[in-house]
Amino acid sequence: MEGRTTFEDYVSKTPKSKALYERAKRVLPAGVSYSIRLFDPYPFYTARAKGSKLYDVDGNEYIDFWLGHTALILGHSPPAVVKAVKKQLENGTHYGTAHELEIALAEQVAKMIPSAEMIRFTNSGTEANMYAVRLARAYTGRTKIAKFESGWHGGYDALHKAVKPPYDMPESAGLTQGALQDTLVLPFNNLEGVRKRLEGLENQVAAIIIEPVLGVGGAIPAEKEFLKGLREFCDQHGILLIVDEVITGFRLAPGGVQQYFGVRPDITVLGKILGGGFPIGAFCGPAEIMERVDHTRYSRPQTSFHGGTFTANPITMTAGLTTLKMLEDGLLINRLNRLGDKIRDELTDIFESKGVDIQVTGTGSLFGVHFTKEEVKEPGAAFRADRQRLNEYHLRLIANGVFFLPTHNGCLCTAHTRADIEKLFSETENFAKSLKS
Ligand SMILES: Cc1ncc(COP(=O)(O)O)c(C=O)c1O
């Protein structure tokens, strides 16, 4: 609408969402169930979702590039998953006993990810990381864990540190010194820096945990040489390498980082896509490490405990299995990866042709936009970029029917159409033009 601000435009289209937000604030702190889902002036409320689209309570349609926190690689409610889940719903929603689907999904993961001989399921990525850290400590007999600046592994106390700058400020109240003192923080894509920070502490470190592509940190891929050096460093010092593939797993390659980056993890942490649209997490690795979870081999206090009421829920297992079978041959993933290359090139060209300083990061079907001249190879550069402008860009897209969670990365799904991608480009072009004038 001519003459209207993006804000006014959004507000005029979303009166029912505004009312729901007022209602939500009374019962949900900040009106949401996860702080990152709140954006100004208020979030729209989703009524339904299908394929590449979200539809809000006011009847607005949005092309979704957030895709349930990157979990929905096949889009919303893919027919094959819906069919499998409907069938399973009739057979029970939650058993709380052993069942065959948990074996089938574990076998499927083991088949696709070379280093994953044995698997345990959890209900979220946070939980999976928590158990992976415990397992690394149990296996090595060491206490310290090293993570990277801006690495996001969920809200577990020991890993909820140095996510956003300033890295020395606690990320949350309620974290005890006791919980955080054994967590060391490392610079991303900087092997020399890793060596320096761990000098003299090497044989106290149980594990180094890394996101192969920083998420919160700005869709920044780890460099292959850096990962190779990190693997060597871990081997040299008896440190386990935990690769947090909660976002990248089954998105970049069917076989995970080993296939995509050529690095072998000791423990792989999975989530998101693995659940086929339902809540999940998992940690996996060679039998020799995973056996520490086996209470029949290692009794208390040697065993590394893991469990939970909803672990290996049959609905999630069936949705995950259906999804992985569709991704297994790599054809869909490779197609999305090529589309990701096109998006990075095209978004860069659109902004550059309008004289706007831009860096588009990411790899495969993950991408992040940064309004800066500075090359973005480490998260500091992503946080120094103009985040206010990024927020304006995303809100403008939302007001025009293209959804990115403001200031977060985008990702692709197999349900995105050519028209969806063209709309992303044309709305970006409109935004870029508005910056010039
Ligand atoms: C890399 C990574 N690890 C762990 C998590 C935590 O997973 P969850 O939100 O399922 O607890 C996330 C969530 O965004 C993530 O991106």
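Ligands are counted one by one from 1 in listed order, and the atoms in each one are counted from 1 as well. All heavy atoms count here, side chains included; hydrogens, waters and symmetry mates do not.
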For this session: Starting at CG of L327, measure out to CG of L332 and round the result to the nearest 0.5 Å.
Result: 6.5 Å

Problem set entry | Salt bridge R344-D341, side-chain N to carboxylate O under 4.0 Å | yes

Problem set entry | Sub-6.0 Å ring centroid separation between H394 and F39 | no

Problem set entry | Neighbouring protein residues of ligand 1 - any heavy atom closer than 4.0 Å | S124, G125, T126, N129, W152, H153, G154, E211, D244, V246, I247, K272

Exercise. Stepwise, does the salt bridge (Lys or Arg N to Asp or Glu O under 4.0 Å) test hold for R195 with E192?
Worked result: CA-CA 5 Å; R195 285 206 187 93; E192 219 20 66; 3.0 Å; yes

For this session: With sequence neighbours excluded, tell me which residues meet ring pair (Phe, Tyr, Trp, His ring centres under 6.0 Å) with Y10.
Result: Y42

For this session: Tell me whether the centres of the aromatic rings in F383 and Y167 are closer together than 6.0 Å.
Result: no

